[in-house]
Amino acid sequence: MIKSLHKRESELANSKRQLEILSNGIFQKGALPTFKEKISETNQFPLKAKKLEILQINVGYMCNQVCEHCHVDAGPDRTEIMARETMLQCLEVIKNTGAHTLDLTGGAPEMNPHFRWFVDEAYKAGIKDFIVRSNLTILQANKKYHDLPEFFKKHHIHIVSSMPHWTRGKTDKQRGDGVFYTSIKALQELNAVGYGMPNSDLRLDLVYNPSGAFLPGNQTSMEKDFKKVLLDEFNIRFHNLFAITNLPISRFLDYLIASENYEDYMYALVEAYNPSAVKNVMCTNTLSVSWDGFLYDCDFNQMLQLPVNSKIKHISDYNEDLLEGRTIVTSQHCYGCTAGAGSSCQGSVA
Ligand code: SF4
Ligand code: SF4
């Protein structure tokens, strides 16, 4: 099992170092335009936050997996976990916000010891779309997680899970040995309680991200292929496939540098830049809360330690009016959200 950048004491565990790499080299020399320069060409700089629609809460960086491309640098050795006190502050906001979507992420959110209590409480707020990003293998990792499909069903949770490929080889290479078949088993158990069925409102969506230094293909045709193979070979059904682009940060940045693909990848992202994808990037209607309650424009900015550009910095001081209209903090990693059809945590956006 590979280790997190933090455990390896890699220089890339430091977000400042990542931002330096993203600002120096090809961008400093002017070989490629910075993201700011690029979106200025169509008068889209600065990006501004609109009305909040999605509240994304990262309940901790601990995970049972150590995927090669993880932008969180999550793993079993990460100890950052949201405390109940911070969850209480989040609950206050969840009860009072007009946001239609609550999105719990991690790490493996299920590993937070307060996870079930938090889901119970948040569910009572009656948010329209309550997402949990489950890595699937956690449902099989230990007996104490085996009843989670029923628990999710009871709370009408919308499950969004990574599945980088329908073949064992590609999935295990990116996510670790044994992940493919364990994920298949977890998907079958979710299907067994009603998730992912054609007319079921128990939503089960999968997320595809490329297994190397290339951009994702067409989301619609990939979804067709995934559906066919998973049904034919494993009798698995799911609703939608979201194809997302790997952003050049954290462990994917480490991978790009180690494989000597960093510059080519940045060229590919800039070449695939699509100005019409800019208006739909997720930071314009999302707020990301870290395990310790600080606020970010998106999960990627959270990992780069780029806090919101507002005097409201923490969930305990939350004020929707003051956060609306803030200028979004951007850097070169943002090219990952505007390449091709655009990409967000919810797949293609344009
Ligand atoms: S399952 Fe998700 S959070 Fe965990 S290491 Fe893999 S990508 Fe990161
Ligand atoms: S990385 Fe974050 S801040 Fe940058 S465009 Fe994407 S969502 Fe917005």
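Both counts, for ligands and for their atoms, begin at 1 and track the order of listing. Index from 1, following the sequence. Basis for what follows: all heavy atoms, side chains included, without hydrogens, waters or symmetry-related copies.
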**Request:** Could you establish whether T286 and ligand 2 come within less than 4.0 Å of each other, counting only heavy atoms on the residue side?
**Result:** no

**Asked** At the 4.0 Å heavy-atom cut-off, does N301 count as touching ligand 2?
**Response** yes

**Presence of N, O or S from C298 under 2.8 Å of atom 8 (Fe) of ligand 2** = no

**Asked** Can you tell me how far CG of L19 sits from CG of N14, rounded to the nearest 0.5 angstrom?
**Response** 9.0 Å

**Backbone of F252 reached by a side-chain donor or acceptor of H69 within 3.5 Å** = no

**Message:** Is it the case that the side chain of D297 and the backbone of I328 share a donor-acceptor pair, with hydrogens and angles ignored and the cut-off at 3.5 Å?
**Reply:** no

**Prompt:** Given that the side chain starts at C-beta and the backbone is N, CA, C, O, which of these parts of C337 lies under 4.0 Å from ligand 2, counting heavy atoms, or is it both or neither?
**Reply:** side chain

**Message:** Under 4.0 Å from a heavy atom of H333: which atoms of ligand 2 are those, numbered in the order shown and with their elements?
**Reply:** 1 (S)

**Asked** Applying side-chain hydrogen bond (donor to acceptor under 3.5 Å, both in side chains), which residue pairs with at least one partner in residues 181-195 are found, sequence neighbours left out?
**Response** Q140-E189, K185-E189

**Asked** If you count the atoms of ligand 2 from 1 in the order shown, which ones are under 4.0 Å from a heavy atom of I328?
**Response** 3 (S)

**Message:** For a salt bridge (Lys or Arg N to Asp or Glu O under 4.0 Å) check, start with the C-alpha distance between D77 and K3, then their side-chain angles and the critical distance, and finish with the verdict.
**Reply:** CA-CA 8 Å; D77 54 273; K3 292 186 175 131; over 6 Å; no

**Asked** Is it true that W117 and I315 fall in one hydrophobic cluster, defined by side-chain heavy atoms closer than 4.5 Å?
**Response** yes

**Prompt:** So is L247 close enough to ligand 2, meaning a heavy atom under 4.0 angstrom away?
**Reply:** yes

**Request:** Starting at CG of L190, measure out to CD1 of I159 and round the result to the nearest 0.5 Å.
**Result:** 4.5 Å

**Request:** Could you tell me whether the side chains of D205 and H158 share a donor-acceptor contact shorter than 3.5 Å?
**Result:** yes

**Prompt:** For ligand 2, which atoms, with element, lie under 4.0 Å from some heavy atom of V329?
**Reply:** 3 (S)

**Asked** Any idea which atoms of ligand 2 are less than 4.0 Å away from a heavy-atom of M282?
**Response** 7 (S)

**Fill in**
Less than 4.0 Å from some atom of ligand 1, heavy atoms are found in residues C63, Q65, V66, C67, C70, A74, G107, N135, R175, R251

**Message:** Please work out, at 4.0 Å between heavy atoms, whether the side chain, the backbone, both, or neither of T338 comes within that distance of ligand 2.
**Reply:** neither

**Message:** Show, in sequence, the C-alpha distance, side-chain angles and deciding distance for R116 and D147, and conclude whether the salt bridge (Lys or Arg N to Asp or Glu O under 4.0 Å) test is met.
**Reply:** CA-CA 11 Å; R116 292 188 194 227; D147 65 331; 2.8 Å; yes

**Request:** Would you please classify the geometry between the W291 ring and the Y61 ring as parallel, tilted or perpendicular, with 30° and 60° separating the classes?
**Result:** perpendicular

**Request:** State, without any angle test, whether H314 and D292 hold a side-chain donor-acceptor pair at a distance under 3.5 Å.
**Result:** no

